[in-house]
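Report on the following structure.
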Amino acid sequence: MYSAGITGTGHMLPEKVLTNADLERMVETSDDWIVSRTGIRERHIAAPGETTSLIAASAGRKAIEAAGLSALDLDLILCATVCPDMALPSTACFIQSHLGAKNAAAFDLVAACSGFLYALTVAQGYIATGQARHVLVIGAEELSRYVDYTDRATCVIFGDGAGAAVLSQVEEGRGILASKIQSDGDLAEYLYTPGGGTAHPTSEQTIQDRLHYIKMRGNELFKVAVRNMTESSRNVLDRLQLTVNDIDLVIPHQANQRITDAVSDRLGIPADRIYANISRIGNTSSASIPIALDECVRGGRIHRGNLLMFTSFGAGATWGSMVLRW
Ligand code: UT7
């Protein structure tokens with residue numbers, strides 16, 4: 001079995017910024033409420049025609065360049081998204097075309113906010129077994145296309161963006177050391193978009209009933225998110241016989257600053273060892289960890305040999321954690 005590690009990262013945020021002041025003009029909310037309940041001050045929103053695959057390809061190009069590769073070196077492109085360009089074909093195929101990655105197989109993976117962690121775990125399997133040498137793993141979302149901008153409980157949280165990482169074979173002892181991904185489909189209705197699939201095919205009625213928009217039971221989700229991110233982090237650390245004190249930097253899914261703080265408290269992570277960018281970016285679902293990772297890499301916060309931990313929770317429900325040596 002080969003070890004799999006991240007050899008290049010990249011991210012892309014659409015230019016347009018939607019501030020809390022903008023939202024105050026759209027729904028009954030306030031900057032105070034949004035900041036105190038979520039930590040979010042602004043988020044990026046894709047322009048018309050700026051599709052998920054376009055922002056994903058832009059993040060992907062930066063990751064490929066950082067890894068010192070060309071698109072033709074890729075054997076596989078994995079796109080984690082719940083905001084595909086189209087129902088058919090996969091967004092990963094559009095990304096492959098944008099990049100000219102002619103030698104890569106491409107497919108999408110749906111695990112909502114845990115999508116990047118899920119996709120990294122799948123990619124690790126391809127590298128470990130020698131089925132792929134270089135895999136481009138992307139988390140890309142345009143939740144602004146699925147959010148009901150009359151529903152103040154959801155529209156203040158989500159933002160658009162893409163993050164990417166190249167996973168390649170690395171020397172033993174480096175790269176992904178342990179990961180654990182989990183699901184509980186009984187919680188599906190805590191966060192879902194009911195319309196447009198086989199359960200409720202698109203019709204005038206589904207549009208009238210606003211079933212094509214995201215529905216969220218935020219308060220219930222909050223508690224499960226804190227519990228499961230904490231437990232799964234403990235689980236991977238225990239498997240490696242590590243404690244949280246051994247981890248140089250924790251990069252959690254940026255769901256809500258209060259979720260990050262609660263997980264930090266329970267695990268005993270010092271404030272300077274857990275990364276937060278939610279105030280500038282909002283909750284970008286599967287893109288949040290790779291965007292944060294790329295900011296840390298390019299910002300000089302991660303050094304060779306550092307131990308990192310990722311942890312996430314999202315719709316499904318899905319959750320997971322991963323420990324890597326950089
Ligand atoms: O990414 C992974 C999946 N997503 C998550 O993990 C999200 C998890 N959940 C959350 O982040 C939080 O639950 C929210 C930010 C969505 C909501 O915060 P909360 O503290 O759980 O608020 P709540 O839903 O309990 O609502 C409290 C009050 C309600 O008013 P009443 O019934 O007490 O009068 C809401 O109607 O806040 C009201 N409210 C708002 N007020 C102003 C809800 N949204 C807003 C808003 N502005 N945007």
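Every number for a ligand or one of its atoms is a count from 1 in the order of the listing.
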More than 12 heavy atoms from other groups under 6.0 Å of OH on Y146: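 Above 12, so yes.
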Looking only at protein heavy atoms, which one is nearest to [atom], and how far off is it?
atom	answer
atom 36 (O) of ligand 1	R152 NH2, 2.9 Å
atom 39 (N) of ligand 1	W33 CZ2, 3.4 Å
atom 21 (O) of ligand 1	N219 ND2, 2.9 Å
atom 11 (O) of ligand 1	N256 ND2, 2.7 Å
atom 6 (O) of ligand 1	I259 CD1, 3.5 Å
atom 5 (C) of ligand 1	L221 CD2, 3.8 Å
atom 22 (O) of ligand 1	R37 NH1, 3.4 Å
atom 1 (O) of ligand 1	N283 ND2, 2.7 Å

For [X], which part has a heavy atom under 4.0 Å from ligand 1: side chain, backbone, both, or neither?
X	result
L191	side chain
T38	side chain
T154	neither
I34	neither

Kindly state if atom 31 (P) of ligand 1 has a protein heavy atom within a strict 4.0 Å cut-off, that is, under 4.0 Å?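 So far as the 4.0 Å threshold goes, atom 31 (P) of ligand 1 is out of reach of every protein heavy atom.
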From CA spacing to verdict: salt bridge (Lys or Arg N to Asp or Glu O under 4.0 Å), R304, E171: CA-CA 12 Å; R304 193 182 160 86; E171 71 208 51; 3.5 Å; yes
Where ligand 1 meets I157 - atom numbers and elements under 4.0 angstrom, heavy-atom basis: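 Counting from 1, the qualifying ligand atoms are 16 (C).
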Closest to atom 9 (N) of ligand 1 among C113, S30, G218, G39 (heavy-atom distance):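 The residue whose heavy atom sits nearest atom 9 (N) of ligand 1 is G218.
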